[in-house]
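This report concerns only the one structure given below.
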Amino acid sequence: MADRRTRGMTGSDLSRTSSTTARALALAEQLHHECSILLELYRKRESFSADVSVPDGHLVSVPPPTPQLDTRDKLWRLHSALLQCRSLMERAIAKEEEELGDGRKSEYETQRKMVKDRLSFLLISTGELLKAVDGTASMTPSVEGLELDGPTVLFELKLWVYRIFKEVDYWSKTAVTTLQALPSETAKERARIRRIRSTRSTRR
């Protein structure tokens with residue numbers, strides 16, 4: 001069955017959505033790659049081993065994925081998670097500069113800024129996809145209740161920052177998986193539109 005929110009979309013609408021999806025996917029793939037570099041640089045900076053212990057569970061809070069989620073709901077869940085990731089990352093950077101910064105700009109700081117900027121670009125793209133699928137611009141998820149203060153003990157603060165970077169890495173990978181699945185759903189909708197047009201032509 002076609003997605004209930006894409007039933008009214010024309011072929012040109014779907015073509016634009018497919019193009020936006022491709023751009024978003026490219027951003028997500030690049031973000032995931034850059035996150036892996038950032039995590040490596042951070043571990044090296046703080047002398048963390050690759051299997052350093054961090055608390056279980058996610059910092060980001062979104063509804064669990066279910067088979068019943070349609071295209072719009074999948075995008076909304078992803079967009080909300082990425083928005084929370086950006087808020088967390090902005091706070092982590094501020095806390096690092098406040099508590100741990102030495103004023104120098106190393107490869108780590110450059111990579112950290114690159115990840116934050118790429119995350120912002122991906123947020124814009126997923127927002128455009130939401131608008132295309134849902135047809136509304138009022139799509140700003142809330143970050144109310146998100147824990148942004150962070151711990152005060154130095155080592156725990158470092159682990160908290162590391163956990164945030166791992167969260168961004170997790171959701172960048174999830175973005176890749178989610179966006180890769182969208183073209184097939186768009187293709188199904190295109191086929192449905194062609195069938196409808198063919199039926200209409202036959203009836204004339």
Side-chain angles (χ1 to χ4, degrees), residues 21 24-43 46 48 50-99 111-131 133-134 138-153 155-182:
T21 301
L25 177 57
L27 282 169
E29 290 173 337
Q30 189 65 28
L31 175 61
H32 184 50
H33 172 68
E34 290 167 352
C35 278
S36 65
I37 297 174
L38 178 63
L39 284 167
E40 183 178 347
L41 288 171
Y42 189 79
R43 285 194 295 265
E46 302 299 341
F48 284 173
D51 59 350
V52 60
S53 178
V54 294
D56 293 332
H58 289 288
L59 296 168
V60 164
S61 177
V62 291
T66 65
Q68 289 74 33
L69 290 179
D70 60 20
T71 300
R72 186 267 187 189
D73 292 333
K74 290 174 184 175
L75 285 171
W76 175 258
R77 179 177 181 272
L78 174 63
H79 188 66
S80 178
L82 293 173
L83 181 65
Q84 292 178 58
C85 281
R86 186 177 65 177
S87 295
L88 285 165
M89 188 156 192
E90 287 174 345
R91 186 55 182 156
I93 292 173
K95 289 287 285 185
E96 269 200 300
E97 292 178 348
E98 177 185 336
E99 303 289 342
Q111 187 68 25
R112 186 181 64 183
K113 183 180 185 303
M114 187 182 298
V115 168
K116 184 174 79 71
D117 290 346
R118 192 80 64 188
L119 177 57
S120 294
F121 294 146
L122 181 56
L123 262 173
I124 292 171
S125 287
T126 54
E128 290 173 351
L129 277 171
L130 265 174
K131 185 176 179 181
V133 170
D134 196 80
S138 57
M139 301 298 300
T140 305
S142 173
V143 293
E144 184 178 352
L146 191 62
E147 179 56 57
L148 296 173
D149 288 339
T152 55
V153 178
F155 182 70
E156 291 180 359
L157 174 61
K158 291 180 178 182
L159 282 178
W160 180 71
V161 171
Y162 182 64
R163 189 180 176 194
I164 287 173
F165 293 162
K166 285 182 70 69
E167 191 83 350
V168 177
D169 179 68
Y170 171 83
W171 283 105
S172 66
K173 184 177 181 180
T174 301
V176 171
T177 304
T178 301
L179 294 167
Q180 281 176 337
L182 291 187

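Here the structure is a predicted model, which is why all the values come from computation and not from measurement.
For the pair Leu75/Leu182, a side-chain contact is recorded, criterion being any heavy-atom separation below 4.5 Å from C-beta on. The closest side-chain heavy-atom distance from Leu157 to Trp160 is below 4.5 Å. With a 4.5 Å cut-off on side-chain heavy atoms, Lys74 and Leu78 do not count as touching.
Panel note: side chain Ser172, backbone Asp169; a donor-acceptor pair is recorded below 3.5 Å. Counting only distance, with no hydrogens or angles, the side chain of Ser80 and the backbone of Arg77 share no donor-acceptor pair below 3.5 Å. With hydrogens and angles ignored, the 3.5 Å screen pairs no side-chain donor or acceptor of Glu167 with any backbone N or O of His58.
To the nearest 0.5 angstrom, Leu88 atom CG is 11.0 Å from Ile93 atom CD1. For the atom pair OG1 (Thr126) and CG (Leu179), the distance works out to 8.0 Å, reported to the nearest 0.5 Å. Note that CD1 of Ile164 and CD of Gln84 are 12.0 Å apart. Values are rounded to the nearest 0.5 Å. Distance check: Arg72 CZ to His79 NE2 gives 10.5 Å after rounding to the nearest 0.5 Å. Distance check: Gln111 CD to Phe165 CZ gives 10.0 Å after rounding to the nearest 0.5 Å. Annotation: the span from Leu130 atom CG to Leu123 atom CG amounts to 10.5 Å, rounded to 0.5 Å.
Heavy-atom minimum distance, Val60 versus Cys85: CG2-SG, 3.9 Å. Annotation for Val161 and Tyr42: closest pair CB-OH, 3.6 Å, computed over non-hydrogen atoms. Of all non-hydrogen atoms in Ala24 and Leu122, the two that sit nearest each other are O-CD1, 3.4 Å. Between Leu27 and Ser125, the shortest heavy-atom contact is CD1-OG, 3.3 Å.
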Determine whether Met114 and Gln30 satisfy the following criterion, side-chain contact (heavy atoms from CB on, under 4.5 Å), listing intermediate values before the conclusion.
CA-CA 10 Å; Met114 187 182 298; Gln30 189 65 28; 5.9 Å; no

Does the pair Arg163 and Leu59 meet the rule for a side-chain contact (heavy atoms from CB on, under 4.5 Å), with working shown?
CA-CA 8 Å; Arg163 189 180 176 194; Leu59 296 168; 3.6 Å; yes

Dump the intermediate steps for side-chain contact (heavy atoms from CB on, under 4.5 Å) on Leu159 and Phe48, then the final yes or no.
CA-CA 9 Å; Leu159 282 178; Phe48 284 173; 4.1 Å; yes

Evaluate Leu38 against Glu34 for side-chain contact (heavy atoms from CB on, under 4.5 Å), listing each step before the verdict.
CA-CA 6 Å; Leu38 178 63; Glu34 290 167 352; over 6 Å; no

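No option in Glu99, Glu46, Glu96 other than Glu46 meets the side-chain hydrogen bond (donor to acceptor under 3.5 Å, both in side chains) test with Lys158.
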